[in-house]
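Below is one structure, written out as structure tokens; the observations come after it.
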Amino acid sequence: MEDSLPNSDPAGLLASLTSAQREAAAHIDGPLLILAGPGSGKTRVVTHRVANLLLHGVAPGQILALTFTNKAADEMRQRVERLTQCRGVWMGTFHSFCARLLRQYATLVGLHENYSIYDADDSRRVLKEVLHSRAEPITHTSPEAIASAISWAKNSLVTADQYVPRANSTVGAIVARVYPEYQQRLIASNACDFDDLLLHVATLLREQEELRAQLDARYRYILVDEYQDTNLAQYAIVRALSIDHPNLAVTGDPDQSIYGWRGANLSNILEFEKDFTRVAVVRLEQNFRSTPNILQVADHLISFNVRRKPKRLFTDNPPASPVRLVVYPTGSDEADGIAQRIAEEVLAGRRRPGDCAVFYRVNALSRPIEHALRLQGIPYQIVNGLEFYQRKEIKDVLAYLHLVNNPQNDLALLRIINTPARGIGKTTLERLTSYARRKRICLLDAARQSGLVQAIPKRTATQIAKFVAALDRMSLHAGGPLQETMVAVLRESGYRDWLAESDSEEDQERLANVEELLTAAEEFDRQHPEAEQALELFLEQAALVADTDALETEQDRVTLMTLHAAKGLEFPVVFIVAAEHGLLPHERSSEDPEKIEEERRLLFVGITRAKQELQLSCAQYRAFRGERRPTIPSQFLMELPREELSYSEPVGYPSELDADDDFDDRRDDGDDLGGLDDSDDRDERPRRRGSVWSDEDFVQDSPVEYDEDDSQDGESRRGNRSGHAAPSSGRVQLFVPGMMVWHPDYGTGMVLSVSGSGLKRKAQIEFVQGGGTKSFLVAHSPLEPVPE
DNA sequence: TGGCAAAGGCTTTTT
DNA sequence: GCCTTTGCCA
């Protein structure tokens, strides 16, 4: 506070900042809370603050900047270096920071310095094996549910021996039995999962006071980005490092907290001011990113949330085009429409592909969009799912490396002992595993003794011995440059030959990927020429890279990604698709009001990524698990300010479909087209006061059907159209039980029951915000339908 | 033991 | 609809 005035800025470093930004950037000692709205120049403030600390004589090694993604860390690093020409500030994700710390203090938590990091897939395998070996009945639940329960426990700092299941929770009971053994196996394999990285470090800091004090003194200035997304473990870590030197600066926005499902605790940011004494609070509310139209939409939407710190978002940017809300007949029409629009904009020279981004709630929604973009010949990139390090062939090669680095890594051994095929099958492995368990040794040691195992035939034992010998030859190359190690692995394992000799196109592609990994190794060697444990570092990096890190901003491509992945990014043009009930909000969130708020924040994040243009859309029918189903518009669409929106149904799609009339059933009941016909007497939408929706948009039993499939594919149109109820008696019954509604005073609610008919028709409704059941005369109520 | 075909299950979001 | 797991046969 005292010396955080502009006059302590001799280099004029902070001159370009606004006064609020400058206040935050100039702050030096003591806790600092920066409440930063979207597009408020937060990164700018943080990087300037780091630069300012350096300028005031703080040593780079005393500063620790923690982010959630490597990408955010890289960007921060680059910007700080540009500002100060100074290196040596530790910037990285929580996970990589903890991984590095654990290398040093591994023995204190029962690991060795060469421990392996299991990714989600690896830990899932271990868990499944534990479940299997204990013959746990997992009907009515799934390994995923159990895994996430364990993950939740770890993120809440509950260790295996502390875990107490909630009364009569089936999953909890299983977790209580399985968690300890799962943990034992990790330790026995000298491995830890993602959550352990945090949990081990938190434990370390709690139990080793001397070490804690030492690290507290070393990392004197700590910055945490996206503080609203920290979980209890992360909180404990930064808290423990900020006791003697409470120079903790956190930035975040409660409205952008979207990781509650993985244990993020909104209270961390909401109660920061209570956690520390004499907290300086700076609010960054001016938005430099978006048009006022976009900002208005975002602001209006998020105001429906209850659990938040109210703030006012404003911008000096000039007004621009309204936010578009588009209803497409089907999901593929949506994809086509968006691809077409982008194509037009690009062709007209108004936009480049790289200006545009498409966001969706679940990864599965990317397919139709990819397809449509490909048809239009628009280059795109997907930030998602199966990225490089998750591919089978890459994981195989990495498993060899893992085993070389950490011989106790049983999971890695199981993965590659028979890849390529060496005649070591399932039964042999079972025998080997039970032998290892009996002798309490790792699988590799068991393999070394396979000749002694009675149950394993001589012939097979010889095969195993050959494998072990090959592995030992690889290990001879372990100390040197990474590339050399990897070449040895590919040679001695026979993996490369195996792929090279295959005729299948798939294997050739795999070979290419393996070559790419080799290139990555080469690059790694170049960047870390002096590294003694290159192998260890490389494996660590491979385990901790995230999907979003692969994002290439250089390339001029449309970017496709989930709403979660979009956080922290911005694009001139943004499309958010599938704003439909069950998808956004996701069905697994739709009962719990708190989760609904998180879904709303997710949409808020998506909206505020847009700089100039924003389109929200939904479809009236969407293919889901191979089945086409009518959809319900998202309740969030009702929460947008009408005056900022332009509403449209694109013309053309329905008529195109109508032209293709070799399917007579399409025209059944065709006189009630529910707002989808191509006549032009309805372009006056929105017509209904107080809502962008007209009654026709809520037709429950639309008599019209549109195929999701490409029109040339006649096959897909036969058979009965399931997921589609029979047409009802003409006019739609707007309120039916289970349907979502909106009331100007009470917000969103659900219809519990209806009674009466005509003007006397009543609906009993329970509102999300609570307050019990309320009853309304449908005809006279201001209820807006969000049907279900 | 290994390869192939059929059946089953699955879908949030990520370090 | 797609991917993974299971089961059967050579």
Side-chain angles (χ1 to χ4, degrees), chain A residues 66-73 92-99 117-125 128 132 138-139 142-145 147-148 151 154-155 192-199 226 229-231 233-234 257-264 331 359-368 383-387 389-390 392 418-430 457 459-460 463 540-549 561-567 578 582-590 595 598-599 601-603 605-606 623-628 708-709 716:
Chain A
L66 296 169
T67 60
F68 270 77
T69 61
N70 297 299
K71 200 179 144 285
T93 64
F94 265 100
H95 287 84
S96 62
F97 171 69
C98 291
I117 300 169
Y118 282 0
D119 66 17
D121 185 58
D122 298 332
S123 43
R124 201 60 40 89
R125 274 172 205 246
K128 278 186 182 167
H132 193 71
I138 49 164
T139 44
S142 65
E144 279 65 34
S148 77
S151 173
K154 288 185 172 182
N155 286 324
C192 68
D193 62 22
F194 284 143
D195 304 316
D196 280 339
L197 292 171
L198 305 175
L199 178 59
E226 310 281 12
D229 285 327
T230 50
N231 57 38
Q234 289 160 331
S257 168
I258 54 174
Y259 286 107
W261 53 274
R262 77 175 201 212
F359 304 152
Y360 34 79
R361 179 65 233 267
V362 294
N363 278 310
L365 287 168
S366 71
R367 273 173 198 283
V383 180
N384 88 325
L386 258 198
E387 39 99 38
Y389 286 100
Q390 298 290 331
K392 182 193 180 304
N418 203 33
T419 313
R422 298 185 177 90
I424 305 168
K426 213 171 107 191
T427 29
T428 307
L429 285 175
E430 268 165 24
R459 209 199 188 131
T460 315
Q463 289 298 101
E540 177 185 306
Q541 208 177 71
L544 297 177
V545 288
D547 301 344
T548 28
D549 300 337
M561 63 179 126
T562 63
L563 286 161
H564 281 89
K567 195 169 77 165
L583 234 31
L584 183 66
H586 194 270
E587 57 180 332
R588 293 186 46 172
S589 299
S590 49
K595 287 184 179 169
E598 181 156 316
E599 298 280 323
R601 291 195 291 266
L602 193 53
L603 181 55
V605 166
F624 178 70
R625 288 221 287 243
E627 214 180 12
R628 196 185 62 258
E708 284 271 46
D709 307 284
S716 62

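Here is how names work: the chains are called A, B, and so on, in the same order as the sequence lines, proteins then strands, and each is numbered from 1.
For A:Ser96, the side-chain contact (heavy atoms from CB on, under 4.5 Å) test picks out A:Trp90, A:Thr93, A:Leu544, with sequence neighbours left out. Among residues two or more places apart in sequence or in another chain, the side-chain contact (heavy atoms from CB on, under 4.5 Å) test is passed with A:Asn418 by A:Ala421, A:Arg422, A:Ile424. A:Asp196 pairs by the side-chain hydrogen bond (donor to acceptor under 3.5 Å, both in side chains) definition with A:Lys154, A:Gln183, not counting sequence neighbours. Take A:Thr419 and apply the side-chain hydrogen bond (donor to acceptor under 3.5 Å, both in side chains) test, not counting sequence neighbours, and it matches no residue. Applying the side-chain contact (heavy atoms from CB on, under 4.5 Å) test to A:Ala542 and every residue at least two apart in sequence or in another chain returns A:Tyr389, A:Leu398. Partners of A:Lys595 under the side-chain hydrogen bond (donor to acceptor under 3.5 Å, both in side chains) rule, at least two apart in sequence or in another chain, do not exist in this structure. Under the side-chain contact (heavy atoms from CB on, under 4.5 Å) criterion, A:Ala578 pairs with A:Leu365, A:Glu580, A:Leu583, A:Arg622, not counting sequence neighbours.
Taking atom CD1 of residue A:Ile258 and atom C1' of nucleotide B:dT15, one finds them 13 Å apart after rounding to whole Å. Counting to the nearest Å, the P atom of B:dT15 and the CG atom of A:Leu544 are 10 Å from each other.
With ring centers used as reference points, A:Trp261 lies under 6.0 Å from A:His564.
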At under 4.0 Å between heavy atoms, how does the protein contact nucleotides 2-11 of chain B? Give one character per nucleotide, 5' to 3', with B, S or -. S-------BB
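Among the atoms of the strands shown, only primed sugar atoms or phosphate atoms (P, OP1, OP2) are found under 4.0 Å from some heavy atom of A:Phe68. Across all strands shown, A:Thr428 has heavy atoms under 4.0 Å from sugar-phosphate atoms exclusively, and none from any base.
Candidate nucleotides B:dT14, B:dT15, C:dC3 were compared by shortest atom distance to the side chain of A:Tyr259, and B:dT14 ranks first. Among C:dC3, B:dT15, B:dT14, the nucleotide with an atom closest to any side-chain atom of A:His564 is B:dT14.
Between A:Thr562 and B:dT14 there is a side-chain N or O to OP1 or OP2 distance below 4.0 Å.
In DNA chain B, stems built from 3 or more consecutive Watson-Crick or G-U wobble pairs, each with both distances under 3.5 Å, span B:1-10 with C:1-10.
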